[in-house]
Amino acid sequence: ASLAVFGLWKLFRKREQVLYRSKNILVSEPSLTDLEEKYLLQAYRSTFISGGAGKFKKRLETEFARMCGCRFGVATANGTVAINLALCAAGLKEGDEVIVPSFTYVASVAAIVTAGGVPVMVDCDETVGLMDPAAVEAAITDKSKFIMAVHLYGHPVDMDRITDIAARRGLLVIEDAAEAHGATYKGRPVGSLGDLATFSFYANKVMTTGEGGIVVTNNPELAKEMVFLRGHAMSSSKRFWHTD
């Protein structure tokens, strides 16, 4: 009798788990087809499966940047590293303030702290859950250097107002577009609306590489600095000579 009860309990728990999952609204689920398998095998058989070698990383950087309306793309290990790299390349210094929405994933804030910055959280619009431009302007101090606009769940922030504030107050704008691959704002692709934009390719994102991230920009100097820092600040002319 006890075994029968135990069996029924396991069946009930399994049914509950299935029902619970069916009620969840996921950010995204990976779609892995024969095409992904073909590219995976090509990379595997080429033996160029890590670092800067092989053709796939450069192709990703070029084509993804173009999709975002940008000239340059710099691939990273994940989306958090992408934010950190963007901040460091753009000149974040110890104690600089980065204005960030209070409703975001922890990686947005963790990357700021890791880079030496100070996150300043602002309220979000209660109707859409996105950064409130009025709250952004109210939070600016003489230590403010960046506005991080998080396009949560693929919904773009009011970028006209954000970029207007940034231009008037002398701040840089970083788009955290981890969940907004292919999204548009007034007909313009997300990723091209600020000074830099970061994306995640984690498994639950719109596009996935399992793990991975990228920074896109139209600024050649920022792109050059990101490539430099990503490669452990190695000289472009002298291998294994690190200058920063």
Side-chain angles (χ1 to χ4, degrees), residues 27-28 51-52 54-92 98-101 104-105 107-108 110-112 114-115 117 130-131 145-160 162-163 166-167 171-231:
V27 175
S28 191
K55 65 180 182 180
F56 286 110
K57 180 175 71 67
K58 187 58 182 176
R59 182 178 172 187
L60 170 67
E61 291 174 331
T62 301
E63 296 189 14
F64 191 85
R66 184 183 302 123
M67 183 190 79
C68 296
C70 291
R71 295 167 57 196
F72 308 101
V74 181
T76 62
N78 55 57
T80 309
V81 170
I83 299 172
N84 183 276
L85 179 63
L87 289 168
C88 291
L92 180 76
V98 182
I99 299 172
V100 63
T104 184
Y105 184 57
S108 305
I112 296 168
T114 302
L130 300 175
M131 171 181 271
K145 295 296 185 293
F146 297 86
I147 300 172
M148 185 180 294
V150 181
H151 304 309
L152 197 67
Y153 302 123
H155 299 289
V157 173
D158 186 346
M159 291 302 293
D160 282 348
I162 293 296
T163 54
L171 307 179
L172 293 177
V173 176
I174 293 181
E175 298 175 73
D176 179 350
E179 301 170 343
H181 315 59
T184 59
Y185 172 79
K186 297 184 178 180
R188 293 174 288 163
V190 160
S192 63
L193 307 172
D195 296 284
L196 311 98
T198 66
F199 293 82
S200 170
F201 296 131
Y202 184 61
N204 72 337
K205 298 301 186 289
V206 179
M207 293 175 62
T208 183
T209 57
E211 288 283 357
I214 196 169
V215 189
V216 296
T217 184
N218 278 310
N219 186 314
E221 294 304 315
L222 287 176
K224 182 179 179 181
E225 183 68 8
M226 285 189 289
V227 171
F228 173 67
L229 293 177
R230 181 185 64 182

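Residue indices begin at 1 and follow the sequence shown.
- Taken to the nearest 0.5 Å, the CD1 atom of Ile99 stands 11.0 Å off from the NZ atom of Lys145.
- Using a 4.5 Å cut-off on side-chain heavy atoms (C-beta onward), Glu179 and Val206 make no contact.
- Nearest heavy atom pair, residue Val216 against residue Gly191, reads CG2-O, 3.7 Å.
- Judged as a side chain to side chain contact (heavy atoms under 4.5 Å, CB included), and not counting sequence neighbours, the contacts of Thr114 are Asn84.
- The list of side-chain hydrogen bond (donor to acceptor under 3.5 Å, both in side chains) pairs with a residue in residues 147-157, not counting sequence neighbours, reads His151-Glu175.
- Note that CD1 of Ile147 and OG1 of Thr163 are 9.0 Å apart. Values are rounded to the nearest 0.5 Å.
- Considering only residues two or more places apart in sequence or on other chains, Val81 meets the side chain to side chain contact (heavy atoms under 4.5 Å, CB included) condition with Thr76, Asn78.
- Applying the side chain to side chain donor-acceptor pair (under 3.5 Å) rule to Asp158 yields the partners Tyr185; only residues at least two apart in sequence or on another chain are considered.
- Here CD1 of Ile214 is found 9.0 Å from NZ of Lys57. Values are rounded to the nearest 0.5 Å.
- Annotation: side chain to side chain donor-acceptor pair (under 3.5 Å) contacts of Arg59 (sequence neighbours excluded): Glu63.
- Shown are Phe56, Phe199, Phe72; of these, the ring-ring contact (aromatic ring centres under 6.0 Å, His included) with Phe64 is made only by Phe199.
- Shown here are the side chain to side chain donor-acceptor pair (under 3.5 Å) partners of Ser108, two or more places apart in sequence or in another chain: Thr104, Asp176.
- Annotation: side chain to side chain contact (heavy atoms under 4.5 Å, CB included) contacts of Leu222 (sequence neighbours excluded): Ala90, Leu196, Thr217, Asn219.
- Distance CE/Met226 to SG/Cys88: 11.5 Å, rounded to 0.5 Å.
- Minimum interatomic distance between Ala149 and Met131 (heavy atoms only, all atoms of both residues): CA-SD, 4.2 Å.
- For the residue pair Gly69 and Asn218, the shortest heavy atom distance occurs at O-ND2, 3.3 Å.
- For Phe146, the ring pair (Phe, Tyr, Trp, His ring centres under 6.0 Å) criterion is met by no residue, not counting sequence neighbours.
- Every pair passing side-chain hydrogen bond (donor to acceptor under 3.5 Å, both in side chains) that includes a residue from residues 186-213 is listed here, sequence neighbours excluded: Asp160-Lys186, Asp160-Arg188.
- Sorted by first then second residue, the salt bridge (Lys or Arg N to Asp or Glu O under 4.0 Å) pairs that include residues 215-231, not counting sequence neighbours, are Glu61-Arg230.
- In the displayed structure, Tyr105 atom OH is contacted under 6.0 Å by at most 12 heavy atoms of other residues, nucleotides or ligands.
- Annotation for Pro156 and Leu130: closest pair O-CD1, 3.2 Å, computed over non-hydrogen atoms.
- Residues Leu92 and Ala115 approach most closely at CD2-CB, 3.4 Å, considering heavy atoms.
- Closest non-hydrogen pair, Ala111 versus Leu87, comes out as O-CD1, 4.0 Å.
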